[in-house]
Amino acid sequence: MKHCLVVDDSSVIRKVARRILEDLSFSITEAEDGQQALEQCQQHMPDAILLDWNMPVMDGLEFLGQLRKLDGGQGPKVVFCTTENDVGHIARAIRAGANEYIMKPFDREIVEAKFQEVGLI
Amino acid sequence: MTPAEYDYLRQFLKQRSGLVLSNEKQYLIESRLLPVARKSGLASITALVAKLRDPRESMLADAVVEAMTTNESFFFRDKVPFDHFTQVMMPAMLERRAMKRQIRIWCAAASTGQESYSLAMCLKEMGSKLAGWRIEIVGTDISNEVLDRAKAGVYSQFEVQRGLPIQMLLKYFVQNGDQWTISNELRSMVQWKKFNLLESFAGLGQFDIVFCRNVLIYFDQPTKADILSRVSKTMTPDGFLVLGAAETVVGLTDAFKPVQDRRGLYAPNVPGQTAAAPTPATRFAFGSGAA
């Protein structure tokens with residue numbers, strides 16, 4: 001079973017994402033900000049990370065930069081999932097090493113399509 | 001809706017568009033046609049049918065056909081056909097048309113344009129390999145309403161997130177709030193035309209590649225066979241036909257034969273010629289690419 005880390009400061013979003021991804025046969029862990037996510041990745045590198053942008057303590061973009069520098073940090077497929085929906089943000093995320101990008105609001109079909117796109121399904 | 005009204009609508013749709021509805025599609029009619037009725041100030045399907053019987057109501061008749069035949073479309077829908085396009089069809093065509101340097105592609109049920117624009121993106125991704133080539137994409141559909149949307153090339157945030165890789169979105173679209181518009185460069189690669197598959201194909205010209213996906217399912221067997229046989233006559237003998245994931249030519253027509261190991265891909269059956277088409281294409285797809 002593939003492991004997906006869901007990183008979002010909203011518990012509602014985490015719950016929705018968890019439900020969708022569990023249906024797609026992922027095992028899920030959660031983090032509330034980039035710092036927590038980074039600590040989890042240092043313990044155990046997931047296969048996939050669904051990543052919010054704006055979060056307290058450490059935001060998604062900074063987390064991504066740190067992740068890619070970790071040993072094995074190139075491994076996880078990172079899919080941003082954020083309300084930041086302008087070309088500038090998307091381009092920055094891709095340059096920083098994101099594999100895909102979901103603009104909120106999202107639904108089951110979009111998550112499935114994007115995870116398929118990066119070869120996770 | 002009374003059984004007589006349902007029968008009338010079934011007959012009307014079969015005649016106008018070839019659409020065949022089975023016995024129990026009342027829910028589909030209601031969900032699609034009630035909005036049409038209300039738009040025309042009619043309270044019910046009964047009132048709509050009464051008005052449809054008036055031959056002067058051609059606008060209403062068009063609206064009914066459009067509402068019943070319009071279907072959802074996605075960028076790179078089903079993915080596999082687009083892999084076939086870049087890995088099999090285009091390499092074969094680059095080889096076979098090396099002298100003429102011209103390829104014509106037909107999207108026979110273009111809907112809101114996603115399939116045609118996906119092909120245009122595939123072509124752009126091939127880059128300099130196509131320098132000096134003239135490649136035409138013709139998108140046709142029975143519905144003016146969807147063709148207007150295809151021409152405009154404006155898609156919602158939801159539509160651009162189903163099947164379209166984010167890199168392609170950045171490369172080929174211009175953002176306007178939460179709407180995304182296909183770039184002028186891509187838009188200029190496709191010609192749009194209102195066209196009913198039941199009518200004569202004369203005037204469309206000859207095609208090397210035909211995408212005819214998820215439209216035959218709406219027709220009865222004889223109509224399917226007739227359309228496929230006429231499609232084969234609009235095609236170059238060494239061309240390719242792509243059908244939808246749930247569609248096949250098997251048992252319908254001898255005009256096409258399946259391309260081996262390429263689901264949904266067919267080649268015209270040229271009398272007196274054995275299945276020569278797939279082999280060079282497959283070889284070429286994984287070969288050196290020297291034309």
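Heavy-atom basis, side chains included; hydrogens, waters and symmetry copies ignored. Computed from a prediction, not measured in an experiment: that's the story for all the values here. Order of the sequence lines sets the chain letters (A, B, ...), proteins ahead of strands, with each chain counted from 1.
The heavy-atom pair separating Ile102(A) from Gln161(B) by the smallest distance is CA-OE1, 3.3 Å. Closest approach of Ala113(A) and Gly163(B) over heavy atoms only: CB-N, 3.9 Å.
The line from CD1 of Ile166(B) to CZ of Phe80(A) is 11.5 Å long, rounded to the nearest 0.5 Å. Rounding to the nearest 0.5 angstrom, the gap separating the CD atom in Gln175(B) from the CD1 atom in Ile90(A) is 6.0 Å.
Counting non-hydrogen atoms of other residues, nucleotides and ligands closer than 6.0 Å to NZ of Lys124(B) gives a total of 12 or fewer. Under a cut-off of 6.0 angstrom, the local environment of CD in Glu39(A) is crowded, with over 12 non-hydrogen atoms contributed by other residues, nucleotides or ligands. For Glu145(B), the CD atom is loosely surrounded, since the number of other residues' heavy atoms within 6.0 Å does not exceed 12.
The residue among Leu170(B), Val174(B), Asp178(B) with the most heavy atom pairs within less than 4.5 Å of chain A is Leu170(B).
Side-chain contact annotation: Gln157(B) with Asn85(A), donor-acceptor N/O pair under 3.5 Å present.
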Evaluation steps, side chain to side chain contact (heavy atoms under 4.5 Å, CB included), between Met103(A) and Leu169(B): CA-CA 12 Å; Met103(A) 295 174 269; Leu169(B) 180 70; 3.7 Å; yes

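No donor-acceptor pair closer than 3.5 Å links the side chain of Lys79(B) to the backbone N or O of Glu117(A).
Both the backbone and the side chain of Asp86(A) come within contact range of chain B, with heavy atoms under 4.5 Å apart.
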